[in-house]
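Whatever order the structure lists them in is the order used to number ligands and atoms, beginning at 1. Everything quoted here is computed from the prediction, not taken from an experiment. Hydrogens, waters and symmetry mates are skipped; everything else that's a heavy atom, side chains included, is used.
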Amino acid sequence: MAGRGAMSAADASGGGAGGGALAGRRVVLGVSGGIAAYKAVELCRRLVDAGAHVTPVLTRAAERFVGPTTFSALASEPVRRSLWDDADPIPHTRLGQAADVVVVAPATARVIADYAAGRSADLLTATLLATRAPVVVCPAMHTEMWEHPAVQDNLTLLRRRGVTVVDPERGRLAGGDVGAGRLAGPATIVAAVERAVGPRDLEGWRILVTAGGTREPIDAVRVITNRSSGKQGHALAEEAAARGADVVLVTTAPLPGPAGAEVVRVDTAAEMQEAVLARSDACDAVIMAAAVADFRPKAPPDRKIKKDEGPPEIVLEPTHDFLVDLGNRKPPGQVLVGFAAETEDVLANARSKLERKRLDLIVANDVSADGVGFEHDTNAVVIIGADGTEQEVALSHKRAVSGAILDAIRATRSAP
Ligand code: CTP
């Protein structure tokens with residue numbers, strides 16, 4: 001019988017990471033200049049106690065509130081304060097690349113605004129821009145500033161980009177005022193950091209992900225393609241890599257792949273097929289998030305068709321559906337996942353593809369709905385299992401949706 005469960009992606013991905021999630025993880029702790037900077041000392045100690053390797057980065061204003069020596073004594077690494085502190089010419093890139101998570105506590109209105117605008121004003125904001133790790137921002141400021149639409153709009157933008165914002169609490173503020181804007185408590189922040197880092201539960205897995213729409217040549221300069229941006233496939237690859245998987249990403253999208261992954265850049269359905277079939281047998285999971293063309297122009301000339309030749313008649317031929325091949329040759333234990341981007345009869349169409357292509361899971365999305373599917377940073381999907389289970393993931397950032405899909409893949413593999 002079909003089971004149906006609805007959950008938010010926040011519950012689905014990394015929820016309940018609990019104790020031990022931070023052990024051995026590299027945390028950059030950004031501290032900006034507010035009265036709450038002194039509370040970051042306690043946060044630093046708690047992160048170190050949880051087993052994290054903490055590198056504090058202080059802004060110049062933060063130093064007016066709390067001494068770098070205190071942090072250096074407590075943290076795993078000396079405090080970093082500027083892009084020009086030491087011999088390393090690119091400290092922000094190194095910090096950003098090595099981090100498993102970046103936490104900014106307290107985050108002032110200035111740091112939030114610079115980060116939202118993509119402005120690298122100091123080592124902290126440069127590190128925020130140079131990282132692909134999850135980011136947790138913990139604002140603290142006076143109530144009037146906290147409630148200002150400029151601050152709220154910047155935070156909305158950051159949330160939309162997948163940043164976790166830990167809202168401040170109500171309470172006593174600097175100067176004796178009382179209201180919203182007090183930095184969240186250290187336990188709340190540590191829990192948010194644990195959730196953002198998520199478990200490394202895919203260590204030992206090799207996962208192949210395809211991404212983007214294929215481009216089929218009409219002639220030497222023109223192509224037929226579709227509106228897939230590759231964002232969902234790349235988010236899946238990023239999330240799988242962050243959870244410890246060995247990732248192969250076969251993509252048409254001009255987006256960066258996760259650090260350490262094998263990234264294979266392709267254009268056409270035929271190139272994608274060759275790249276995937278050469279690598280799929282060795283993988284524990286194959287996720288076909290790419291929008292592969294169903295038809296391609298037959299015999300495209302390898303020269304440019306000139307305008308004065310008149311409108312060309314483009315004859316199409318079907319491409320080969322290699323997801324069917326993957327279903328037929330699936331090694332024991334491999335989890336095979338397809339995507340179904342639909343505009344009508346979403347679930348029925350997806351279920352029929354699941355059966356026809358002998359998949360373990362299919363991810364169905366209604367691409368005609370607002371904020372869903374092609375080109376958006378967000379998605380809303382239903383993950384359907386071959387056993388009839390259906391799990392709805394409400395509209396969330398594509399990285400969070402990826403977490404839910406990877407959870408379903410793990411559950412499928414460990415099912416008896
Ligand atoms: N797919 C594939 N090779 C193709 C076409 C599709 O591997 N030539 C894969 C896609 O990557 C996706 C799944 O099959 O994971 C479903 O693709 P979709 O285009 O939605 O389904 P089709 O079977 O092509 O059916 P239709 O176009 O009628 O919706």
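- For atom 9 (C) of ligand 1, the closest heavy atom belonging to the protein is Leu323 CD2, 3.6 Å.
- When each atom of ligand 1 is checked for a heavy atom of Phe339 under 4.0 Å away, the hits are 12 (C), 13 (C), 15 (O), 16 (C), 17 (O), 20 (O).
- Under a 4.0 angstrom heavy-atom cut-off, His320 registers as being in contact with ligand 1.
- Arg222 and Glu216 are not joined by a salt bridge, as no carboxylate oxygen comes within less than 4.0 angstrom of a charged side-chain nitrogen.
- Counting only distance, with no hydrogens or angles, the side chain of Ser32 and the backbone of Thr108 share a donor-acceptor pair below 3.5 Å.
- In terms of polar-atom proximity, defined here as any N/O pair under 3.5 Å, Met288 does make such a contact with ligand 1.
- Using a 4.0 Å heavy-atom cutoff, Ala293 is listed among the residues neighbouring ligand 1.
- No donor-acceptor pair closer than 3.5 Å links the side chain of Glu342 to the backbone N or O of Leu347.
- Formation of a donor-acceptor pair under 3.5 Å by the Asp100 side chain with backbone atoms of Arg26 is found in this model.
- The protein non-hydrogen atom at the shortest distance from atom 14 (O) of ligand 1 is Lys357 NZ, 2.9 Å.
- In this structure a side-chain-to-backbone donor-acceptor pair under 3.5 Å is present from Arg413 to Gly333.
- Residue contact annotation: Ala290 has a non-hydrogen atom under 4.0 Å from ligand 1.
- Salt bridge Asp377/Lys231: present, at least one basic N to carboxylate O contact under 4.0 Å.
- Judged by distance alone, with hydrogens and angles left aside, the side-chain atoms of Ser402 form a donor-acceptor pair with the main-chain N or O of Leu236 at under 3.5 Å.
- Among Glu342, Arg296, Lys353, Met272, the residue whose heavy atom sits closest to atom 20 (O) of ligand 1 is Lys353.
- Close approach of ligand 1 to Gly338 is summarised as follows: ligand atoms under 4.0 Å from at least one heavy atom of the residue are 15 (O).
- Between Ala340 and ligand 1, not a single N/O pair is under 3.5 Å apart.
- Under the 3.5 Å distance criterion, the side-chain polar atoms of Thr188 are left unmatched by any main-chain donor or acceptor of Ala184.
- A side-chain donor-acceptor contact under 3.5 Å links Thr252 to the backbone of Gly213.
- Considering only non-hydrogen protein atoms, atom 1 (N) of ligand 1 sits nearest to Asp321 OD1, 3.7 Å.
- Ser396 places a side-chain N or O within 3.5 Å of a backbone atom of Ala394 that can act as its donor or acceptor partner.
- Among all non-hydrogen protein atoms, the one lying nearest atom 24 (O) of ligand 1 is Asp294 OD1, 2.9 Å.
- Considering both main-chain and side-chain atoms, Val292 never comes within under 3.5 Å of ligand 1 through any nitrogen or oxygen pair.
- Inside a 4.0 Å radius of atom 28 (O) of ligand 1 there is not any protein heavy atom.
- Ligand-side atoms of ligand 1 in range of Thr319: 8 (N), range being under 4.0 angstrom from any heavy atom.
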